[in-house]
Amino acid sequence: MRMSTLFLRTLREDPADAEVPSHRLLVRAGYIRRVSPGIYTWLPLGLKVLRQVEQIVREEMDGMGAQELLFPALLPKEPYEATGRWTEYGDNIFRLKDRKDGDYLLGPTHEELFTLAVKDLFNSYKDLPVSLYQIQTKYRDEARPRAGILRGREFVMKDSYSFDLDEAGLDKSYQLHRDAYVRIFDRLGFHYVIVQAMAGAMGGSKSEEFLATAENGEDTYVHCPSCDYAANVEAVKVAAPQPISYADAPAVHVEETPDSPTIATLVDRLNELYPRADRAWAATDTLKTVVVMLVHPDGTREPLAMGVPGDREVDEKRLGAQVEPARVEAFEESDFAAYPALVKGYMGPQALGLESESGVRFLVDPRVVEGTAWVAGGNRHGYHAIDLVAGRDFTADGFIEAAEVRPGDPCPNCGTGLEAARGIEMGHIFQLGTKYAEALDLKVLDENGKLRTVTMGSYGVGVSRAVACIAEGNHDDLGLCWPRNISPADVHIVATGKDDAVALYAEELTRALEAAGATVLLDDRKQASPGVKFKDAELIGVPTIVVVGRGLADGTIEVKDRRSGDRREVAVDNAVSEILREIGRS
RNA sequence: CGGGGUGUGGCGCAGUCUGGUAGCGCGUCCGCUUUGGGAGCGGAAGGCCGCAGGUUCAAAUCCUGUCACCCCGACCA
């Protein structure tokens with residue numbers, strides 16, 4: 001590549017619409033250009049980087065025995081209707097119509113197509129297991145694309161799917177993918193964690209996410225400092241305490257608690273009007289009742305009440321993950337009007353549950369086990385129930401993991417206090433089970449000649465996101481600092497000065513390195529000043545920068561490490577071998 | 001969808017309060033000089049001031065509406 005002709009324009013200033021470093025630098029250094037929100041063009045340098053990442057992913061997928069294929073991005077509606085995702089995916093799908101008014105979509109993910117392809121070609125247990133993958137452009141009409149290429153509406157994803165006869169086979173395929181992912185993310189140079197995750201809209205059971213650790217990441221996860229437990233906050237399972245005996249517990253009594261619609265005011269009122277001998281009332285003694293409106297994919301609305309310890313908020317992400325594919329909406333005044341048994345600010349378990357007078361489904365936090373006593377709403381304005389014992393005075397319809405998770409909460413494995421951190425989701429692996437195979441009738445004959453439903457796994461890597469994520473983790477004040485195996489070139493040669501000898505030698509060195517298999521970005525611009533060239537080289541971020549300039553008269557050139565800034569003089573005579581050694585190609 | 005902000009040459013911005021017919025820096029083009037840390041001088045091209053109405057002798061500026069984009073929250077690789 002020659003800078004004099006390369007389709008590139010670097011920007012001296014940060015683009016105004018870019019906030020996060022990866023976005024700012026990828027635009028400034030001329031890797032990408034925005035076309036529309038969440039939709040980007042890959043310029044020559046950017047495309048090289050994208051292809052490098054793709055290649056690493058491809059090698060590892062091939063290495064674990066998966067086979068690459070390619071589906072269209074433009075898809076008919078029918079397969080997605082069969083699995084229910086045409087509606088479940090909601091507004092996130094880009095939908096379009098053909099001239100005959102037929103419905104199409106731009107694929108957000110391809111479970112259906114892979115399932116149908118296997119159904120089309122295979123029909124015996126002898127054909128299994130098989131893992132297939134593609135590296136392809138996906139489309140999701142994100143409510144809010146952001147951070148450049150980190151979260152786009154069009155993005156490149158590697159998605160793969162495993163097909164097995166039984167659970168044991170699925171476990172094996174899942175583990176193979178997991179191992180391949182570890183190799184992929186190691187090669188991409190991420191600091192990452194593998195966390196337990198929710199299966200989400202994909203359906204299925206076991207699921208883990210690969211999160212690149214990043215302070216500005218969108219996902220919050222917790223991890224245990226003393227064992228290997230780590231989980232996305234959505235997926236944290238609270239360790240339920242043992243039920244306790246309530247034989248000696250005082251009977252429930254409803255007391256007047258004026259002006260106490262919030263937990264804080266309630267605790268004040270309790271300590272003021274009904275002080276306890278042994279200790280003061282605290283938020284942890286109260287059971288907070290929160291009601292929301294669930295909107296199911298078919299449009300039906302169902303109220304849901306939840307009881308959580310009073311010192312905790314309901315975490316909307318956790319709640320959303322629990323009730324998926326239903327959507328959570330606020331419970332409006334008009335909803336309260338429709339359910340007169342729900343007294344705003346004073347709701348309590350005794351009026352809740354499918355069997356109760358309100359008929360509203362009531363789920364409680366796992367900490368609300370049988371025998372625990374609470375102060376909760378009295379279902380009458382200005383009243384609360386005290387010594388309300390779970391299992392004696394009320395029974396919930398079930399449990400829900402919706403209360404917020406906080407640093408310091410006990411690890412479900414070992415009880416140590418959990419720590420919280422943030423990350424960017426780079427990969428996600430799922431054991432899907434038979435959801436798609438059943439919906440699309442993917443069965444094979446087993447050794448007894450009987451039809452068996454195939455069990456599936458689904459595995460994704462955000463390829464274009466990885467580019468952003470690597471940029472996010474590999475830059476400094478001057479610009480990008482690519483890892484060698486991702487960089488758009490092995491060496492960036494800067495020719496300074498107007499001396500013809502410099503230009504000639506730089507050209508000669510470039511050819512020699514290229515002949516040895518290295519990729520070179522040569523700054524052969526005649527008009528640009530040395531300062532401009534140095535700045536551009538630093539911005540672009542090729543890991544090794546070679547300066548051919550004033551030292552040439554003395555028979556030396558300069559080899560500089562972009563990341564450390566270390567530089568050394570190298571004799572022209574052994575320049576090629578030295579540089580090849582530097583870039584790890586000798 | 002809720003909150004905040006911004007729309008002015010390719011990029012970054014000023015001008016808007018207090019209407020008077022568009023400016024600065026960078027970039028681009030031409031010429032000369034310059035070449036180890038974003039060069040100098042001279043010349044040039046390039047803008048329906050997001051869009052639509054309105055007020056006015058006159059609108060980038062005031063009024064109304066509308067659209068777009070960015071950031072923060074609810075969704076996802």
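So you know, we letter chains A, B, ... as the sequences are listed, proteins then strands, and number each from 1.
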Between N or O atoms, less than 3.5 Å apart, protein on one side and nucleotides 70-72 of chain B on the other: list the pairs.
{"from": "B/C70", "atom 1": "O3'", "to": "A/D17", "atom 2": "O", "distance (Å)": "3.3"}
{"from": "B/C72", "atom 1": "OP1", "to": "A/R146", "atom 2": "NH2", "distance (Å)": "3.3"}
{"from": "B/C72", "atom 1": "OP2", "to": "A/R144", "atom 2": "NH1", "distance (Å)": "3.1"}
{"from": "B/C72", "atom 1": "OP2", "to": "A/R144", "atom 2": "NH2", "distance (Å)": "3.0"}
{"from": "B/C72", "atom 1": "OP2", "to": "A/R146", "atom 2": "NE", "distance (Å)": "3.3"}

Give every pair of a protein N or O atom and an N or O atom of nucleotides 4-9 of chain B that lie under 3.5 Å apart, one pair per line with the distance.
none

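Going from atom CG of A/L552 over to atom P of B/U35 covers 17 Å, rounded to whole Å. B/C76 atom C1' lies 18 Å from atom CZ of A/F210, rounded to whole Å. Taking atom CD of residue A/E208 and atom P of nucleotide B/A77, one finds them 15 Å apart after rounding to whole Å. Summarising the geometry, the separation between CD on A/E218 and P on B/G73 is reported as 9 Å, rounded to the nearest angstrom. For the pair A/D159 CG and B/A77 P, the computed distance is 11 Å after rounding to whole Å. Put simply, CG on A/D523 is 15 Å from P on B/G37, counting in whole angstrom units. As rounded to whole Å, 15 Å separates atom P of B/A77 from atom NE2 of A/H177.
Closest contact between the side chain of A/E142 and the listed nucleotides B/G37, B/G38, B/C75 involves B/C75. Checking B/A77, B/G38, B/G37 against the side-chain heavy atoms of A/F534 singles out B/G37 as nearest.
Scanning both residues, A/A489 and A/M1, for their nearest heavy atoms gives CB-CE, 4.0 Å.
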Name the atoms and distances for all side-chain donor-acceptor pairs under 3.5 Å in residues 538-546 of chain A, with sequence neighbours left out.
{"from": "A/T544", "atom 1": "OG1", "to": "A/R484", "atom 2": "NH1", "distance (Å)": "3.0"}
{"from": "A/T544", "atom 1": "OG1", "to": "A/R484", "atom 2": "NH2", "distance (Å)": "2.9"}

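Taking atom C1' on both nucleotides, B/C67 is separated from B/C49 by 16 Å, rounded to a whole Å. Distance noted for atom C1' between B/C63 and B/G19: 13 Å (whole Å). Look at the C1' atom in both B/G3 and B/C26: the space between them is 35 Å, to the nearest Å. Using C1' as the reference atom, B/U35 and B/C70 are 40 Å apart when rounded to the nearest Å.
For residues 62-71 of chain A, the set of pairs meeting the side chain to side chain donor-acceptor pair (under 3.5 Å) definition, not counting sequence neighbours, comprises A/R58-A/E68, A/D62-A/Y133, A/E68-A/Y133. Each ring pair (Phe, Tyr, Trp, His ring centres under 6.0 Å) pair with one or both residues in residues 526-558 of chain A, not counting sequence neighbours, would appear here, but there are none. Legend: ring pair (Phe, Tyr, Trp, His ring centres under 6.0 Å) pairs involving residues 134-159 of chain A, not counting sequence neighbours: none detected.
For A/R28 against B/C11, a side-chain-to-base donor-acceptor contact under 3.5 Å is absent. Scanning atom types as modelled, one donor and one acceptor separated by under 3.5 angstrom connect the side chain of A/K560 and the base of B/G37.
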Revision key, fill the gap. Given protein heavy atoms under 4.0 Å, the one-letter contact record of nucleotides 25-30 of chain B, with B base, S sugar-phosphate only and - none, is simply BSSS--
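With sequence neighbours excluded, the residues satisfying ring pair (Phe, Tyr, Trp, His ring centres under 6.0 Å) with A/Y40 are A/H23. Applying the side-chain hydrogen bond (donor to acceptor under 3.5 Å, both in side chains) criterion to A/E209, with sequence neighbours excluded, gives A/N232. Residues passing the side-chain hydrogen bond (donor to acceptor under 3.5 Å, both in side chains) test with A/R178, sequence neighbours excluded: A/E208. Applying the side chain to side chain contact (heavy atoms under 4.5 Å, CB included) rule to A/V502 yields the partners A/A495, A/D499, A/V548, A/L552; only residues at least two apart in sequence or on another chain are considered. Residues passing the side-chain hydrogen bond (donor to acceptor under 3.5 Å, both in side chains) test with A/E112, sequence neighbours excluded: A/T83, A/R85.
In this structure, A/R95 is positioned above the aromatic face of A/W86, its NZ or CZ under 6.0 Å from the six-membered ring centre and within 45° of the axis.
For the pair A/V463 and A/T10, nearest-nucleotide mapping onto RNA chain B gives the more 5' position to A/T10. When each of A/K526 and A/K533 is assigned the nucleotide of RNA chain B with its nearest heavy atom, A/K526 is the one assigned upstream, toward the 5' end.
A sub-4.0 Å separation between OP1 or OP2 of B/U35 and a side-chain N or O of A/S529 is absent. Contact annotation: A/K498 reaches the phosphate of B/U35 (side-chain N/O to OP1 or OP2, under 4.0 Å).
No side-chain heavy atom of A/R24 sits less than 4.5 Å from a side-chain heavy atom of A/V20.
Between A/F114 and A/F71, the ring planes lie perpendicular to each other; the angle is over 60°, past the 30° to 60° tilted range.
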